[in-house]
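Below: one structure, written as structure tokens.
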Amino acid sequence: MSRRGPCGRGKEQRLAGKRYACAFDQDAQSGGWITERVHDPSPIHFIHTDEPPSMTPDPSPFMGRAREGPGCPSKTVHILDDPMSDYGDHESTGDPLEKLRHSTAHLLAAAVTELYPEAKYGIGPAVQDGFYYDFDFGKPISESDLPAIESRMRRLAQADIPFEHEVLPRQRAMEEFQKRGQEFKLELIRDKVEGDEVSVYRTGQFLDLCRGPHVSSTKDLKAFKLLRVAGAYWRGDEKRPQLTRIYGTAWPTPKELDEYLKFLEEAAKRDHKKLGRDLKLFTVDDRVGPGLPLWLPDGATIRRELERFIVDEELARGYLHVRTPDVARLDLYRQSGHAQLYAEYMYPPMKFEDGEELELRPVNCPHHIVVYQTELRSYRDLPLRIAEIGNNWRYERSGTLAGMNRVRSFALNDAHIFCTPEQLMDEVRSAIDLALYFSKVLGIDEFWYQLSTRDDVKDKWLGDEAQWQEAQAALAEALESMGQPYKLVAGEAAFYGPKIDFQVYDAHRREFTNSTVQVDFQLPQRFDLEYVAEDGTRKRPVMVHRGAAGAMERLFSYLIERYAGAFPTWLHPTQVVITPIADAHLEFASEVAKRLRASRVRVHLDGRSERLDRKIRDAKLKKVPYVAVVGGKEVESGHVNVQNRAGEKSDMPLESFVSMISAEIAERRR
RNA sequence: GCCCACGUAGCUCAGGCGGUAGAGCAUUUCCUUGGUAAGGAAAAGGUCCCCGGUUCGAAUCCGGGCGUGGGCUCCA
């Protein structure tokens with residue numbers, strides 16, 4: 001069997017394109033790595049669509065995710081073995097689309113064989129919405145080389161070349177690939193193929209180690225397009241050669257291909273980096289530094305609303321909000337273990353003359369632990385839920401930074417719940433419930449849960465077996481008791497405990513972790529946390545790390561893409577644009593503005609000497625929820641003529657409008 | 001960090017096989033006061049990412065940085 005390693009599939013998944021209406025369930029395609037899946041991962045809701053989502057960050061990273069981290073689902077899911085999709089354990093799902101794409105990958109390789117005889121082949125699996133094939137060309141290949149390869153593919157497709165399946169004796173297969181200088185394939189046979197029979201597929205001059213199945217002829221491949229080239233390490237290992245990966249997409253018909261390409265265009269339009277610039281929400285400037293975004297006034301307004309919403313809800317649910325510093329003595333992180341296990345993501349400490357070493361915090365759990373320890377806690381105090389929306393600093397590798405989605409300084413909606421083992425389940429459940437509530441209000445309609453448990457490799461984990469079992473059971477049970485389906489991924493837990501991640505997609509259907517719930521027995525031990533139990537003895541609490549809304553930065557990038565900038569009224573930086581028709585109506589317009597502001601509605605009075613059409617157009621481009629036109633008639637009647645984003649107009653008394661929009665805002669209607 | 005591509009006015013981009021650069025939008029000013037997605041005119045605006053090198057001369061060529069995008073790795 002294959003290993004399911006850490007490498008994963010995420011990549012593929014990422015690249016994938018969308019899956020239009022349906023969500024994901026792609027695990028079917030992904031097959032089998034998910035060992036013991038408990039429920040099907042179906043995505044849970046999806047509601048509307050037109051708005052694709054994006055994602056948010058991982059919450060409390062905490063921990064030490066040394067290198068395994070809680071991670072993103074991505075990896076989790078896919079696999080490493082994907083390579084094997086080319087061979088090995090890739091169990092075909094029988095999905096015709098997958099077969100088509102996998103065959104197109106072979107077609108790509110066949111074209112490359114003719115154009116670049118020296119090329120060596122890596123693997124070429126089908127992935128969500130397409131396929132890729134990794135090659136070692138022995139020289140740089142760029143996107144400008146794709147058209148030539150693609151047209152050769154078309155020629156081969158028209159040539160009606162059969163996909164011939166052969167089963168060769170192992171020795172014979174080795175010789176075949178040896179003769180062709182295909183060292184990567186030889187390696188795959190050595191490592192992945194058991195037994196004496198080796199399954200190969202032949203397409204013209206191209207011979208591939210592959211289990212299939214494939215379409216019968218290249219003429220069955222009618223709608224495909226090469227999309228981009230990228231570097232990819234052989235077998236996902238950074239220490240091995242980097243191959244050139246060519247990504248492409250393939251569909252049964254040209255029409256579907258077209259739709260997919262259109263989807264990509266649409267996704268580009270709602271890209272949060274583009275909208276962030278167009279709508280003046282945030283900026284990233286070299287002078288400040290990579291991965292350090294600046295929230296501009298309108299973006300900051302949205303963030304303020306989000307934080308207000310989050311904090312108010314948490315306070316209502318019994319969380320205690322605190323404020324703790326962004327820096328702390330390095331010793332604090334030595335004690336938590338981060339200095340050792342998380343060092344590569346931490347900024348270098350600031351050293352002072354007197355020997356003091358201060359560290360920008362990569363996580364804030366140690367701070368909350370200190371808060372916990374300001375008093376001798378009683379079992380009556382538990383569960384104690386300490387929350388904070390505070391900045392965390394992580395020195396992410398430069399190549400991973402992306403807009404607001406992945407940054408080096410981010411404000412996590414973090415909380416640490418200190419509770420007794422008996423309370424664990426309930427706390428996990430309420431943390432999930434909170435995340436669900438946030439999702440519902442914020443419009444995160446499409447997401448799924450992923451339960452990451454520990455795998456068998458013992459030394460990767462801290463703690464004892466019993467605690468792990470207990471924690472995993474608590475997480476699984478919490479989800480099940482709430483009727484929430486999830487995907488179970490073994491081996492992806494944080495080193496200190498299992499976790500549940502909430503996964504979402506961005507506009508391009510790349511997967512991200514939005515929020516998480518993680519159980520931790522390690523920090524309580526490292527900090528010798530305790531509480532006085534009912535019987536007077538000292539006991540150790542359990543910690544739950546949870547980031548219900550994720551990081552504000554990632555949440556923001558998600559919401560921008562989710563709404564394509566057309567935020568719900570309660571979030572929109574400008575809720576109403578008041579447009580007087582002529583200067584003569586400015587005075588009444590000012591009164592209208594004043595009235596709305598008195599009710600805390602964010603308004604912008606557009607007093608430019610522009611025409612009405614122009615002002616309305618500008619407001620529409622800003623995706624402002626309401627445009628209130630004020631002209632002679634309105635001055636006369638005391639009404640406002642309001643147009644919403646759908647273009648529906650209605651004339652109503654100012655007071656009616658005020659109460660209408662106030663209610664909409666108060667209810668945080670979407 | 002690695003691979004590929006890219007880096008010209010605030011934005012979107014042209015142009016430049018070496019001789020100090022253009023458009024549209026945005027901005028400013030003037031005219032226009034006009035009922036539901038772009039009224040007209042003028043002006044202003046650029047270290048052509050940075051640093052070196054080659055050259056009489058570099059935004060254009062070469063090298064090295066930095067940054068951005070897409071992937072890989074990683075994952076807050």
Side-chain angles (χ1 to χ4, degrees), chain A residues 6-8 10-12 14-15 56-63 65-75 132 134 140-145 227-234 236-247 268 271 273-274 277-278 280 283-287 289-291 342 344-345 362-363 392-403 405-410 412 414 508 510 512-513 516 547 550-551 553-554 579-586 608-621 627-634 641-643 647 649:
Chain A
C7 5
K11 7 191 121 241
E12 338 180 342
R14 284 191 188 185
L15 199 268
T56 334
D58 307 333
S60 64
F62 158 50
M63 359 249 231
R65 7 163 109 276
R67 343 182 130 206
E68 45 259 331
C72 307
S74 343
K75 53 189 38 263
Y132 68 75
D134 288 345
I141 289 294
S142 74
E143 269 158 45
S144 59
D145 297 305
L227 300 173
R228 63 178 66 91
V229 305
Y233 298 109
W234 169 233
D237 186 344
E238 217 175 342
K239 300 194 175 55
R240 311 204 61 186
Q242 187 161 48
L243 308 181
T244 300
R245 174 170 299 179
I246 295 180
Y247 277 104
D271 183 296
K273 298 182 290 298
K274 172 180 165 46
R277 193 167 46 238
D278 292 351
K280 302 181 182 174
T283 189
V284 180
D285 189 294
D286 294 5
R287 293 168 295 181
Y342 207 62
E344 67 178 306
Y345 296 103
V363 296
N392 287 349
W393 304 77
R394 298 184 194 168
Y395 194 78
E396 297 294 325
R397 292 165 95 174
S398 61
T400 66
L401 302 175
N405 189 34
R406 192 163 182 83
V407 296
R408 286 177 171 165
S409 165
F410 53 93
L412 215 50
D414 207 1
H508 284 88
R510 288 176 291 206
F512 291 90
T513 296
T516 75
E553 285 74 8
R554 189 173 285 181
T579 66
I581 288 180
D583 290 354
H585 315 122
L586 265 175
R608 294 129 88 208
S609 65
E610 280 295 345
R611 296 194 151 163
L612 219 215
D613 272 2
R614 177 45 174 279
K615 295 182 191 177
I616 287 177
R617 176 167 197 272
D618 289 346
K620 293 285 190 187
L621 289 177
V627 178
V629 175
V630 173
K633 284 184 274 182
E634 287 70 28
N641 194 302
V642 181
Q643 175 177 175
K649 305 173 193 72

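Letters A, B, ... mirror the listed sequences (proteins, then strands); counts begin at 1.
A/Leu401 comes within 4.0 angstrom of sugar-phosphate atoms only, judged by non-hydrogen atoms across all strands, and of no base. A/Gly403 comes within contact range of the sugar-phosphate backbone alone, with a heavy-atom separation under 4.0 Å but no base atom that close. The residue A/Gly647 sits apart from the nucleic acid: no heavy atom pair falls under 4.0 Å. Heavy atoms of A/Asn641 sit under 4.0 angstrom from at least one base atom.
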Between A/Asp613 and A/Arg611, is the salt bridge (Lys or Arg N to Asp or Glu O under 4.0 Å) condition met? List the steps.
CA-CA 5 Å; A/Asp613 272 2; A/Arg611 296 194 151 163; over 6 Å; no

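The 5' end of RNA chain B is approached more closely, in terms of each residue's nearest nucleotide, by A/Val642 than by the other of A/Glu396 and A/Val642.
Partners of A/Lys274 under the side chain to side chain donor-acceptor pair (under 3.5 Å) rule, at least two apart in sequence or in another chain, are A/Asp278. With sequence neighbours left out, A/Glu396 forms a side chain to side chain donor-acceptor pair (under 3.5 Å) with A/Arg406. Applying the side chain to side chain donor-acceptor pair (under 3.5 Å) test to A/Asp618 and every residue at least two apart in sequence or in another chain returns A/Arg608, A/Arg614.
Of the listed nucleotides (B/G35, B/G1, B/G71), B/G71 has the atom at the smallest distance from the side chain of A/Arg510. Here B/G70 is the nucleotide among B/A37, B/G70, B/C2 with the atom lying nearest to any side-chain atom of A/Lys273.
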Protein N or O to nucleotides 4-12 of chain B N or O, pairs below 3.5 Å:
| from | atom 1 | to | atom 2 | distance (Å) |
| --- | --- | --- | --- | --- |
| B/C11 | O3' | A/Arg277 | NE | 3.4 |
| B/U12 | OP1 | A/Arg277 | NE | 3.2 |
| B/U12 | OP1 | A/Arg277 | NH2 | 3.0 |

Expected rows: protein N/O vs nucleotides 31-33 of chain B N/O, under 3.5 Å:
| from | atom 1 | to | atom 2 | distance (Å) |
| --- | --- | --- | --- | --- |
| B/U32 | O4 | A/Ser609 | OG | 2.9 |
| B/U33 | O2 | A/Asp583 | N | 2.7 |
| B/U33 | N3 | A/Asp583 | OD1 | 3.1 |
| B/U33 | N3 | A/Asp583 | OD2 | 2.7 |
| B/U33 | O4 | A/Asp583 | OD2 | 2.7 |

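Using a 4.0 Å cut-off between charged nitrogen and carboxylate oxygen, A/Arg287 and A/Asp285 count as a salt-bridge pair.
The two residues A/Glu634 and A/Val629 make their nearest non-hydrogen contact at CG-O, 3.6 Å.
With hydrogens and angles ignored, a donor-acceptor pair closer than 3.5 Å exists between the side chain of A/Tyr233 and the base of B/G1. For a distance-only test at 3.5 Å, the side chain of A/Gln242 qualifies as a donor-acceptor partner of the base of B/C2.
With pairs defined as Watson-Crick or G-U wobble and both atom distances under 3.5 Å, the stems of at least three pairs that touch RNA chain B come out as B:1-7 with B:66-72, B:10-13 with B:22-25, B:27-31 with B:39-43, B:49-53 with B:61-65.
Taking atom P in both B/G7 and B/C49, one finds a spacing of 8 Å when rounded to whole Å. Rounded to a whole angstrom, the distance from the C1' atom of B/U12 to that of B/G18 is 28 Å. Between the P atoms of B/U8 and B/G15, the separation comes to 14 Å (whole Å).
Contact annotation: A/Thr244 side-chain N/O to B/C3 OP1/OP2 distance is not under 4.0 Å.
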